[in-house]
Protein chains: 2
Amino acid sequence: MARADYPEQVSALIEELRQLPGVGPRSAERIALWMLQHPKANPGKLSAALETAVREVTACGTCGFFATLAGCPVCSDEKRDRTKLCVVEQATDVLPIERSGAFRGMYHCLGGTLSPLDNVTPDDLRIPSLMRRIGEVEGVEVILAVGADVEGEATANYLAEMLEGKECGVTRLAQGLPAGGDLEHADALTLSRAFEGRR
Amino acid sequence: MARADYPEQVSALIEELRQLPGVGPRSAERIALWMLQHPKANPGKLSAALETAVREVTACGTCGFFATLAGCPVCSDEKRDRTKLCVVEQATDVLPIERSGAFRGMYHCLGGTLSPLDNVTPDDLRIPSLMRRIGEVEGVEVILAVGADVEGEATANYLAEMLEGKECGVTRLAQGLPAGGDLEHADALTLSRAFEGRR
């Protein structure tokens, strides 16, 4: 007699859910059964939302922020100050800065930080397009808003060196960001102070 | 100047993920961005697994356990002892019993427990079909394997009363199940003892 177990369709779903960040085997099982059995669950809506987001959301070809079929909300905003270019690690780092209201310029998302240990070299980041953008606007101020951790420092130093001698100002976010912390967890006031005190 | 935020497609995905059990706003955001950006993420595979499970997995019309297009793995198993019918609360309660190897009969999943406070009455559970199944097999032993909590006790007492005078034996899982605990968290040995000591 075979011991009854989950149908393979359920096991496959649990297996996929286990890949998600912060979801262990037990929560994957709980989420899968909830989606299949709970009256409030709407699995069709979830998979439709997932497919729509995957299909319609891309990285902006200019700045790397989230763009949709309607374009990039930052690059297409005519009211932004094009003489200020804020360089961040990830597209998600743009959101806390926008929510703080401390900055009204343009962004450039590198797509990561330099990390020789993880084989992330300048070629893996959006550095060539950053250089191109800087060359296009005379006297642009480049604000290096990368994290204050080791990789962030290394990336900022690398960029500062590359920009030396170019016709642009280079500043860095200064006070406010806690050492070793990343942008994503900083609050609005901390970010405002960091923008004010940039050097 | 509008503050840039997630595209609505991303916000919609985060909103859907927040509905899942054990997923808060912060983890929903983390999971959504991981699915859209992480190189290891395979959102197409996840939504396909979800749709397949929703489409192909149903509750068995006889016992309420998970059934697929191939039928119910328990009801279609000719080698099982049809003179023993184990009544559990949920389809998921079948799995720990199967894994313990302590039982080789048939199951009946009620779909819940009686709970007047939550408006769950006998009509909301698979009780009519249970009575029908009991009438079909002469001298069947009905094993009430519901949880040892208040709702489980109430459900077991209700069923025991209904079965009084019918031509069937009624037993209950006895020692081993900790008071107030539910079946899902019981280990194999505990479940074996509970089956052996049924009264």
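Quick note on labels: first sequence line is chain A, next is B, and so on, each numbered from 1.
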> Any side-chain heavy atom of Leu130(B) within less than 4.5 Å of one from Leu85(B)?
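A side-chain contact under 4.5 Å exists here.
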
> Does anything in residues 107-128 of chain B get under 4.5 Å of chain A by heavy atoms, and if so which residues?
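The stretch does not come within 4.5 Å of chain A.
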
> Just so I understand: if I count every heavy-atom pair under 4.5 Å between each of Glu78(B), Gln90(B), Arg26(B) and chain A, which residue has the most?
Arg26(B)

> Would you mind reporting whether Cys72(B) and Phe66(B) have side-chain heavy atoms less than 4.5 Å apart?
no

> Below 4.5 Å, heavy-atom pairs only: which of Lys40(A), Glu29(A), Arg99(A) has the largest tally toward chain B?
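The option with the most such pairs is Arg99(A).
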
> In Å, rounded to the nearest 0.5 Å, how long is the span from CD1 of Ile14(A) to CD1 of Ile31(A)?
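Spacing of CD1 (Ile14(A)) from CD1 (Ile31(A)) equals 10.5 Å.
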
> Below 4.5 Å from any heavy atom of chain B, which atoms of Leu36(A) appear? Answer side chain, backbone, both or neither.
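Only the side chain of Leu36(A) comes within 4.5 Å of chain B.
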
> Strictly distance-based, threshold 3.5 Å: is any side-chain N or O of Glu16(A) a donor or acceptor partner for the main-chain N or O of Ala12(A)?
no

> Go through Leu20(B), Leu17(B), Val94(B) and name the one with the most non-hydrogen pairs under 4.5 angstrom from chain A.
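That would be Leu20(B).
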
> Determine the option with the most heavy-atom pairs under 4.5 angstrom with chain B, choosing from His38(A), Glu56(A), Glu8(A).
Glu56(A)

> Check whether Gln37(A) gets within reach of chain B through its side chain, its backbone, both or neither, counting any heavy atom under 4.5 Å.
side chain

> State, yes or no, whether a side-chain contact exists between Thr171(B) and Val142(B) at a heavy-atom distance under 4.5 Å.
no

> Could you tell me if the side chain of Ile143(A) sits less than 4.5 Å from the side chain of Val87(A), heavy atoms only?
no

> Using non-hydrogen atoms and a 4.5 Å limit, figure out which bit of Ser27(A) sits close to chain B: side chain, backbone, both or neither.
neither

> A quick test of your reading: do over 12 heavy atoms of other residues, nucleotides or ligands sit less than 6.0 Å from CZ of Arg133(A)?
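Counting neighbours around CZ of Arg133(A), more than 12 heavy atoms of other residues, nucleotides or ligands fall under 6.0 Å, so yes.
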
> Using a heavy-atom cutoff of under 4.5 Å, enumerate the residues of residues 42-55 of chain B that contact chain A, numbered in order, or state 'none'.
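Those residues of residues 42-55 of chain B which have a heavy atom under 4.5 Å from chain A are Asn42(B), Pro43(B), Lys45(B), Leu46(B), Ser47(B), Ala49(B), Leu50(B), Glu51(B), Thr52(B), Ala53(B), Val54(B).
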
> Are any non-hydrogen side-chain atoms of Lys84(A) and Met106(A) less than 4.5 angstrom apart?
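Sidechains of Met106(A) and Lys84(A): no contact.
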
> Measure the spacing between OG of Ser11(A) and CD of Gln9(A) and express it to the nearest 0.5 Å.
8.5 Å

> Can a donor-acceptor pair be found, under 3.5 Å and without considering hydrogens, that links the side chain of Arg80(B) to the backbone of Arg104(B)?
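No, the answer is negative, given that no donor and acceptor are paired below the 3.5 Å cut-off.
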
